[in-house]
Novice: 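What follows is a single structure, and I will ask about it in a moment.
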Number of protein chains: 2
Amino acid sequence: MDQQVTDGRLRRGDQTRRVVLGRAVDVASVDGLDGLSIGRLAGELDISKSGLIAHFGTKEELQLATIRAARAIFVTTVIQPALAHPPGNERLRTLLEGWLAYSSDRRFPGGCFFARASHEYAARPGAVRDALAQVDEEWVRLIAETVAQAQEAGEIEPSVDPAQLAFDLTAFLDAANLRSLLGDDSVYERAYRSMRDRLESVALS
Amino acid sequence: MDQQVTDGRLRRGDQTRRVVLGRAVDVASVDGLDGLSIGRLAGELDISKSGLIAHFGTKEELQLATIRAARAIFVTTVIQPALAHPPGNERLRTLLEGWLAYSSDRRFPGGCFFARASHEYAARPGAVRDALAQVDEEWVRLIAETVAQAQEAGEIEPSVDPAQLAFDLTAFLDAANLRSLLGDDSVYERAYRSMRDRLESVALS
DNA sequence: AAACAATACGAACGATCGTACTATTTGTTT
DNA sequence: AAACAAATAGTACGATCGTTCGTATTGTTT
């Protein structure tokens, strides 16, 4: 996204930003975007509070930057690999299985970053909530669109409402993520089975 | 649970506890069990910080008491009314529809208290997480047991795994709760439809 | 080498956090 | 009325919060 930077000063700043955000997403996935305190982050990274916040201005800007960083990781981990597969059922399954791996492999130590942060800010109006709501909506829409493509490919019954199926499938994923963190070890298998059964129930080919 | 208290001093204390916890569950449903600060709570209720915390000892004890208070509200709002119905499909539907109403009516201003709090503490070991995990497990188990009773009544196919069906159904509920808070107005209808379709797919009678 | 720009630091600000300690008030018991 | 018990209040503590300001460091440009 960013063009190659040759100025060593800007390069240094970008590197610091990267390190800070890399730590921020992990911290926030466990302790939330509120638990993401500037002093704590600076302490863990052995840099000064003032030097850290100078990159973002305010805490809210740091939170928004953290959301963008987490979104980029999610795209790289879950979405990009799936886009290598052809549209339709195969891509849909890759997306869903990729999500389960993203959660169960603990790409973020606190499980899905967005499940954690979205629940934290869902009932609190503001820029942070809006950003999280948009990411969530993008994700659900991607699943629905992929379902629609599978229909166009003749792999899923045309009578199925893509948004409805996407609601069900993403619900399974989120439930597995939460209950795994709460100590249920069987829940990823359950989610996989529910997902498979649900897809088989609407399969055509 | 508590026996009738005649001592006016203890009565006064119980009343204060009740007022504090009544406010605490609402605050925590929006701002989380961390956002539940003693100073804020005392300020909103016009009592002293020291007088408030004297009832609970520490903040963690206040959090645990808040979880117990929220659980009592949940039982009264969702579970008790359903227990008036006969075991089986009827009770199961009442539980699920009662939950959707509990969420959409905003019995807690931040939506489901436990969805909010569970995600907040899911990845943070301690007494608070354990208490939340237990409430969640109780709830899912109740749904699974009610499914099993519906099987015994010949209303649901005996081949169905009650825990698997309970996983699906509770997943729909939680997804509706979150996405409603994030601004999706159609999501309770979607959850209702998914729930109904899922139950019809395993119905016997 | 001098001027400039971006980054990073250190110190301090007022505010709020959870908690502890000491009165004071309110109600009961003798 | 006196002694006691429970609830409530007032004050202060050290720690941490987000933010601001002035200064030093690092790198580039002239």
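Letters go in sequence order (proteins before strands), and every chain restarts at 1. Every heavy atom of this structure was used, including side-chain atoms; hydrogens, water molecules and symmetry mates were not.
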Novice: Taking the six-membered ring for Trp, are A/Phe74 and A/Phe113 closer than 6.0 Å centroid to centroid?
Specialist: no
Novice: Select from B/Ser37 and B/Arg12 the residue whose nearest nucleotide in DNA chain C is closer to the 5' end of that strand.
Specialist: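 Its nearest nucleotide being more 5', the pick is B/Ser37.
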Novice: What residues form a ring-ring contact (aromatic ring centres under 6.0 Å, His included) with B/Phe172, not counting sequence neighbours?
Specialist: A/Phe172
Novice: Going by the rule ring-ring contact (aromatic ring centres under 6.0 Å, His included), which residues pair with B/Tyr121 if we only count those two or more places apart in sequence or in a different chain?
Specialist: none
Novice: Taking DNA chain D as the partner, which of residues 56-63 of chain A come within under 4.0 angstrom of it by heavy atom?
Specialist: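 Heavy-atom cutoff 4.0 Å gives A/Thr58, A/Lys59.
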Novice: Counting only heavy atoms not in A/Glu157, do more than 12 fall under 6.0 Å of its CD?
Specialist: yes
Novice: Nearest to the B/Ile53 side chain among C/dG27, C/dA5, C/dT19, which nucleotide is it?
Specialist: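 Ranking C/dG27, C/dA5, C/dT19 by closest atom to the B/Ile53 side chain puts C/dT19 first.
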Novice: Mapping A/Gly39 and B/Gly13 to their closest nucleotides on DNA chain D, which lands nearer the 5' end?
Specialist: B/Gly13
Novice: Does A/Leu100 offer a backbone N or O that forms a donor-acceptor pair with the side chain of A/Ser103 under 3.5 Å?
Specialist: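 Flag not set: sc A/Ser103 to bb A/Leu100 has no pair under 3.5 Å.
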Novice: Quick one: how far along DNA chain D does chain A reach, first to last nucleotide 5' to 3', anything under 4.0 Å to a heavy atom?
Specialist: D/dC17 to D/dT28
Novice: B/Leu178 versus B/Asp174: any side-chain heavy-atom pair under 4.5 Å?
Specialist: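 No, their side chains stay 4.5 Å or more apart.
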Novice: Where along residues 21-31 of chain A does a heavy atom fall under 4.0 Å from DNA chain C?
Specialist: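 Nothing qualifies; none.
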Novice: More than 12 foreign heavy atoms under 6.0 Å from CZ of A/Arg141: is that the case here?
Specialist: no
Novice: More than 12 heavy atoms of other residues, nucleotides or ligands under 6.0 Å from CD of A/Glu138: yes or no?
Specialist: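 Yes.
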Novice: Do A/Phe114 and A/Asp136 have side-chain heavy atoms sitting under 4.5 Å apart?
Specialist: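 No, too far: nothing below the 4.5 Å cut-off.
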Novice: Which heavy atom of A/Ile38 sits nearest a heavy atom of A/Lys59, and at what distance?
Specialist: CD1-CB, 4.3 Å
Novice: In whole angstrom, give the distance that lies between atom CG of A/Leu10 and atom P of C/dC4.
Specialist: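 Whole-Å distance recorded here is 19 Å.
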Novice: Taking atom CZ of A/Arg129 as the centre, report whether more than 12 heavy atoms of other residues, nucleotides or ligands fall under 6.0 Å from it.
Specialist: yes
Novice: Extract from the structure each pairing of a protein N or O with an N or O of nucleotides 9-12 of chain C at less than 3.5 Å, listing the distance.
Specialist:
unit_1, atom_1, unit_2, atom_2, d
C/dC9, OP2, A/Ser48, N, 3.0
C/dC9, OP2, A/Ser48, OG, 3.2
C/dG10, N7, A/Ser50, OG, 3.0
C/dG10, O6, A/Ser50, OG, 2.7

Novice: Taking atom CZ of B/Arg193 as the centre, report whether more than 12 heavy atoms of other residues, nucleotides or ligands fall under 6.0 Å from it.
Specialist: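 For B/Arg193, atom CZ is not crowded (no more than 12 foreign heavy atoms under 6.0 Å).
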Novice: If you count heavy atoms of other groups shown closer than 6.0 angstrom to CD of A/Glu137, is the number above 12?
Specialist: yes
Novice: Write down the distance between CZ (A/Arg11) and C1' (C/dA5), rounded to a whole number of angstrom.
Specialist: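 These atoms are roughly 18 Å apart.
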